[in-house]
Amino acid sequence: MERVLIKDAPKHIGEVVKLCGWVNVRRDHGKLVFLELRDRTGTVQAIILPDAPEAIEAAHDVRPQFSLMVEGLVKERPGKAQNVEQTTGNIEIEVKSLSVLAAPSVELPIDVSQTEMGLQLDTLLNYRTLALRNAKIGAIFQIYSELLAAYESAMRSAGFLEIKTPKILEAATEGGANFFKIDYFERVAFLAQSPQFYKQAGMSAFERVFEIGTVFRAEPHFTTRHVNEYTGFDAEMGFIESMEDVMAALEEAMFAMFEHIGKTCQEALALHEASVPERMAIPRIRLTEALEILKAEYGKEVEDQDIDSEGERLICEYVKKKYGSDLVFLTHYPTHLRPFYSMPSPEDPAYTETYDLLFRGVEIASGGQRIHDPKMLEEQIRNKGLNPDDFKDYVDIFRFGTPPHGGWGLGSERIIQRILDLGSIKEAVLYPRDVKRLAP
Ligand code: AMO
């Protein structure tokens, strides 16, 4: 007999079908045994009646998380209203035979059958492989899978070529100290802090490129929005007139992703009581103006002309109230806060043609226009106290003739975190890495 998926079982009322799955819950009522069975498509109730003694016998030791194969009659559950579309919730499987494919060989450390497990994040991460079988945790990764598909599809539709760039590098890309050094045969190498240089090189050949790739950051802090390994959604595009073109492309990609998730993940979103933002123009505010708003509206002062995480939360609150938008672009960051490759603003070189995109209180993307003139680039490298000789391969990209261009780096897990309002970004990473955690 061919296996039937649980979601298709309602099409087989009155027939005997074969199902495979995990036991979510077992309940015994007198001589009746009820099993909630789960496969990749859903859950269904299986019932073992006393008139199936072999099945009763086979089910004797069955407990949650056993992997089973059952054959049974698909029946409407008693009490179902007439003319209602059949779903797995209003059928049950009357088991005729049952075989155990695999049984846990240890006592289960956590019970994943309840939607709300009420456990600490650390416990859930310690038993991650089991915790992922929980419906609400599993839903995060169903949405994540759709996010990956949606970004790829949105970028391809907009004419971007998908590339994969190296993650073992000769030099650190983003400056600062948050890079990992590794032994590379006789030399030292660095794990990529971003695909910045290679995506610009890709753009110089293909005009529009995007990457879905691993990013490594040696963040020594414990925060709710940093991990040491994350997946970046990067993009770079050539022949731009200004960074406005780049923000428009990012805005389009964001709403394409939100709309796709809204359509394909209704059940998963409902489990988290979450929804995606409606399409609307994303407000753009200069950073200096945002800092004035913070002072005037919230009495908040900042240091170093920079906005901190509290400031980001408050400015999002303000934008939501004033414009009804869950997203906001903050633009024109001061030069001293941005990497050397950022294009200085033509009207005032103390500022840059760069932006951050904030979503429901948190920065999810950074980007801007880049310097494409090699002389200007070398000057900016020097201005940052760095040596142009250390960036020769990078500067060479621009010696071959490169159009005005820009792009973004978008943190994929932060998008999920903000859509679902997760307490920590780690909940949106399958096996997160932080200062203390390297396993599982
Ligand atoms: P930036 O360093 O701002 O910019 O990173 C881009 C986006 O990546 C996400 N992010 C992180 N997510 C989880 N854990 C971390 N430790 C972490 N660090 C960053 C954030 C952030 O907005 N090359 C530039 C981008 C560009 O200009 O194209 C860059 O890497 O969502």
Side-chain angles (χ1 to χ4, degrees), residues 144 147 151 155 160 163 165 167 169 172-180 190-203 208-238 240 243 246-247 249-250 253-254 257 287 306-307 309 312 316 327-331 333 337-343 352-371 394 405-419 422 424-430 432-435 437:
Y144 191 70
L147 183 78
Y151 186 67
M155 297 309 286
F160 287 75
I163 57 170
T165 66
K167 303 302 164 207
L169 306 181
T173 29
E174 294 293 332
N178 63 352
F179 49 76
F180 287 108
F190 299 86
L191 293 180
Q193 289 160 290
S194 79
Q196 187 62 39
F197 296 177
Y198 288 96
K199 70 178 175 177
Q200 287 183 263
M203 179 285 307
R208 288 185 170 202
V209 293
F210 76 102
E211 176 167 19
I212 298 176
T214 305
V215 176
F216 301 95
R217 298 278 172 106
E219 305 283 353
H221 325 284
F222 290 94
T223 78
T224 56
R225 55 189 188 158
H226 291 93
V227 276
N228 296 110
E229 185 181 59
Y230 69 92
T231 299
F233 286 178
D234 275 81
E236 203 64 30
M237 55 197 275
I240 60 169
M243 74 163 167
V246 186
M247 289 192 286
L250 175 55
M254 289 311 307
M257 288 188 275
L287 178 65
D306 199 4
I307 186 165
S309 56
E312 288 176 350
C316 282
L327 296 121
V328 59
F329 280 112
L330 299 185
T331 66
Y333 280 67
L337 295 178
R338 291 307 242 203
F340 63 79
Y341 51 75
S342 310
M343 180 67 97
T352 54
E353 295 297 292
T354 64
Y355 61 84
D356 274 7
L357 177 62
L358 277 48
F359 172 33
R360 295 181 179 164
V362 175
E363 171 206 325
I364 58 163
S366 282
Q369 182 170 352
R370 329 295 188 182
I371 297 173
Y394 177 59
H405 64 283
W408 64 77
L410 175 61
S412 63
E413 296 87 351
R414 286 195 188 174
I415 305 176
I416 299 290
Q417 184 190 5
R418 299 321 303 142
I419 291 176
L422 303 175
S424 167
I425 188 173
K426 287 178 210 169
E427 294 178 58
V429 184
L430 204 59
R433 298 291 177 245
D434 66 25
V435 178
R437 186 176 289 282

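Atoms within a ligand are numbered from 1 in the order they appear, just like the ligands themselves. Every heavy atom of this structure was used, including side-chain atoms; hydrogens, water molecules and symmetry mates were not.
- Scanning all protein heavy atoms for the shortest distance to atom 6 (C) of ligand 1 gives G409 O, 3.4 Å.
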* To do: Mind running salt bridge (charged side-chain N to carboxylate O under 4.0 Å, His left out) on R370 and E236 for me, showing each step along the way?
  => CA-CA 10 Å; R370 329 295 188 182; E236 203 64 30; 2.9 Å; yes
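- R418 contributes a side-chain N or O that, together with a main-chain N or O of R360, makes up a donor-acceptor pair within less than 3.5 Å.
- Considering only non-hydrogen atoms, atom 19 (C) of ligand 1 lies nearest to Y230 out of Y230, F233, Y341.
- Under a 4.0 angstrom heavy-atom cut-off, R414 registers as being in contact with ligand 1.
- With respect to atom 3 (O) of ligand 1, the closest heavy atom belonging to the protein is S366 OG, 2.8 Å.
- In the model, S366 has no side-chain atom that pairs as donor or acceptor with a side-chain atom of Y355 under 3.5 Å.
- I364 O, 2.7 Å is the protein heavy atom nearest to atom 31 (O) of ligand 1.
- Between E236 and ligand 1, a contact under 3.5 Å exists for no N or O pair.
- Counting only distance, with no hydrogens or angles, the side chain of S412 and the backbone of T231 share a donor-acceptor pair below 3.5 Å.
- Taking distance alone, with nitrogen or oxygen atoms compared against 3.5 Å, Q193 stays at or beyond that limit from ligand 1.
- D356 is not listed as a side-chain neighbour of F329, based on a closest heavy-atom distance of 4.5 Å or more.
- F233 has its ring centre less than 6.0 Å from the ring centre of Y151.
- A donor-acceptor contact closer than 3.5 angstrom links the side chains of E219 and N178.
- Looking at I415, D434, V227, it is V227 that brings a heavy atom closest to atom 14 (N) of ligand 1.
- At least one heavy atom of A365 lies less than 4.0 angstrom from ligand 1.
- Taking every non-hydrogen atom of S194 and a distance limit under 4.0 Å, the qualifying atoms of ligand 1 come out as 23 (N), 30 (O).
- Counting only non-hydrogen atoms, the option in E229, Q200, K199, E363 that gets closest to atom 28 (O) of ligand 1 is K199.
- At least one side-chain heavy atom of F160 sits under 4.5 Å from a side-chain heavy atom of M237.
- Residue contacts with ligand 1: G368 is excluded, as none of its non-hydrogen atoms falls under 4.0 Å.
- Nearest non-hydrogen protein atom to atom 1 (P) of ligand 1 is R217 NH2, 3.8 Å.
- A donor-acceptor contact shorter than 3.5 Å is absent between the side chain of T354 and the backbone of G367.
- For ligand 1, the atoms sitting less than 4.0 Å from at least one non-hydrogen atom of I425 are 13 (C), numbered in the order shown with element in parentheses.
- Contact atoms of ligand 1 toward G367: 27 (O) (distance under 4.0 Å to a heavy atom of the residue).
- Salt-bridge check for E211 with K167: passed, with a basic side-chain N closer than 4.0 Å to an acidic carboxylate O.
- Checked by distance only, ligand 1 and G407 stay at 3.5 Å or farther apart across all their nitrogen or oxygen atoms.
- Atoms of ligand 1 found under 4.0 Å from any heavy atom of W408 (numbered from 1 in listed order, with element): 26 (C), 28 (O).
- Near E219, meaning under 4.0 Å from any of its heavy atoms, are these atoms of ligand 1: 16 (N).
- Checked by atom type and distance alone, the side chain of K199 pairs as donor or acceptor with a backbone atom of W408 at under 3.5 Å.
- Counting the atoms of ligand 1 from 1 in the order shown, those under 4.0 Å from a heavy atom of R225 are 13 (C), 14 (N).
- Scanning the protein for heavy atoms near atom 27 (O) of ligand 1, the closest one is R370 NH1, 2.7 Å.
- Side chains of Q200 and Y341: no donor on one and acceptor on the other come within 3.5 Å.
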